[in-house]
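The structure's right below; bear with me while I get my questions together.
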Amino acid sequence: KDVQKEREPHVYLSKEEVKEKIQSYNSSVTDKLKMTLNANGIYTGFIKVQMELCRPITVQSSQSQGRCAPSNNETAFYLPDGCVNTLHISSTNTVREVIEALLKKFFVVDNPAKFALYKRCHKEDQVYTCKLSDREHPLYLRLVAGPKTEMLSFVLREHETGEVMWEAFSIPELQNFLRILDKEENEQLQILKKRYAAYRDKLEEALGGVWKPG
């Protein structure tokens, strides 16, 4: 169960402290995704982001990549649960830049403002989830927590329902959402009808057995 946690304050590290932490981090890495410290003090590395999207995303077709595509070259679909993507970023990259890079990598044309990046921490058999502000630096959080995703992981979600910026959606996207909702409603209705029909058959069968002449 996810529990909201207060955002931890950012602790600024000296160049020597960053160097020591990167050495410690790299010595614990098991997947070869190490960090690199540059001469200017900026370091680069990798983060993994799990996609937990409930609403469909709009993807640009391969024929129209690199230019402004008309709506008939865009496809909306649900992303499979548990999809994890790896990004190579620097310590200067903000949460907003990470979201934009992640969407660009997979040719998602939805407005980045629709999405939020969360950090998920496991402590004392409890899961804490906190939405990151646009100006936070994910690679710094990764460095401080270490390479183990059990200690810290990143999750991309849509904004909560009450926070959705509906003005960021285009008219075709909103219309597509309505079509999907209608389809899901009809599917759920058919499931309920079948469930109650089966229940009714069992009741009638039971009643027939009770009132059957001996």
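In this text the structure is predicted, and so the values were computed from the model without any measurement.
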### Message
Could you check whether any side-chain heavy atom of Pro138 comes within less than 4.5 Å of a side-chain heavy atom of Asn93, counting everything from C-beta outward?
### Response
no
| Should Phe107 and Leu87 be counted in the same cluster of Ile, Leu, Val, Met, Phe, Trp and Tyr side chains packed under 4.5 Å apart? | yes
Should Phe115 and Leu102 count as side-chain neighbours, where that means a heavy-atom distance under 4.5 Å? no
Does the side chain of Ile57 come within less than 4.5 Å of Val109's, by heavy atoms?
no
Exercise for review: Test side chain to side chain contact (heavy atoms under 4.5 Å, CB included) on Leu37 and Thr44 and set out the steps.
Suggested key: CA-CA 7 Å; Leu37 178 62; Thr44 59; over 6 Å; no
For this session: Report whether Phe154 and Val29 are members of the same hydrophobic cluster (ILVMFWY, side-chain heavy atoms less than 4.5 Å apart, transitive linking).
Result: yes
What do the steps show when you test Leu117 against Val49 for side chain to side chain contact (heavy atoms under 4.5 Å, CB included), and what is the final call? CA-CA 9 Å; Leu117 190 68; Val49 182; 3.9 Å; yes
Closest heavy-atom pair, Thr94 versus Arg135, reported as atoms and distance to 0.1 Å, is CG2-O, 4.1 Å
- Message: With a 4.5 Å cut-off on side-chain heavy-atom distances among I, L, V, M, F, W and Y, is there a chain of contacts connecting Ile47 to Val84?
- Response: no
Between Leu103 and Pro112 the two heavy atoms that sit nearest each other are CD1-CA, 3.8 Å
Over 12 non-hydrogen atoms of neighbours within 6.0 angstrom of CD in Glu185: no
* Asked: Lys48 versus Asn85: any side-chain heavy-atom pair under 4.5 Å?
  -> no
Item to complete: Treating Ile, Leu, Val, Met, Phe, Trp and Tyr as nodes and any side-chain heavy-atom pair under 4.5 angstrom as an edge, say whether Val98 and Met51 lie in one connected cluster.
Response: yes
Note: Leu139 and Tyr43 closest approach over all heavy atoms is CD2-O, 3.5 Å
Checklist entry - Is the side chain of Asn111 donor-acceptor paired with the backbone N or O of Ala113 at a distance under 3.5 Å, no angle test? => result yes
Side-chain touch Asp201/Glu205, heavy atoms, less than 4.5 angstrom:
no
Closest non-hydrogen atoms of Ile99 and Leu156, given as atom of the first, atom of the second and distance, are CG1-CD1, 4.0 Å
Exam field: side chain Glu158 to backbone Cys54, donor-acceptor pair closer than 3.5 Å
yes
One thing to verify: whether Glu52 and Arg157 come together as a salt bridge, which I'm taking to mean a side-chain N less than 4.0 angstrom from a carboxylate O.
yes
Discussion item. When you compare the side chain of Cys130 with that of Tyr118, does any pair of heavy atoms fall below 4.5 Å?
Written reply: no
Between Glu97 and Thr92 the two heavy atoms that sit nearest each other are OE1-O, 3.8 Å
Please say yes or no: joined through hydrophobic side-chain contacts below 4.5 Å, possibly via intermediate residues, are Tyr25 and Met151 part of one cluster? no
Around Lys105, counting heavy atoms of other residues, nucleotides and ligands shown, do more than 12 lie under 6.0 Å from its NZ? yes
A side-chain contact here means heavy atoms from C-beta on lying under 4.5 Å apart; do Leu33 and Pro147 qualify? no
All heavy atoms of Asn26 vs all of Met35, minimum pair found to be OD1-N, 2.8 Å
The reported gap from OG in Ser153 to CZ in Arg142 (rounded to nearest 0.5 angstrom) is 7.5 Å
Hey, does Lys119 have a side-chain heavy atom less than 4.5 Å from the side chain of Leu152? yes
> Do any N or O atoms from the side chain of Lys34 and from the backbone of Phe46 form a donor-acceptor pair under 3.5 angstrom?
Replying inline: no
- Under 3.5 Å, side chain of Ser14 to main-chain N/O of Glu17, donor-acceptor pair present? yes
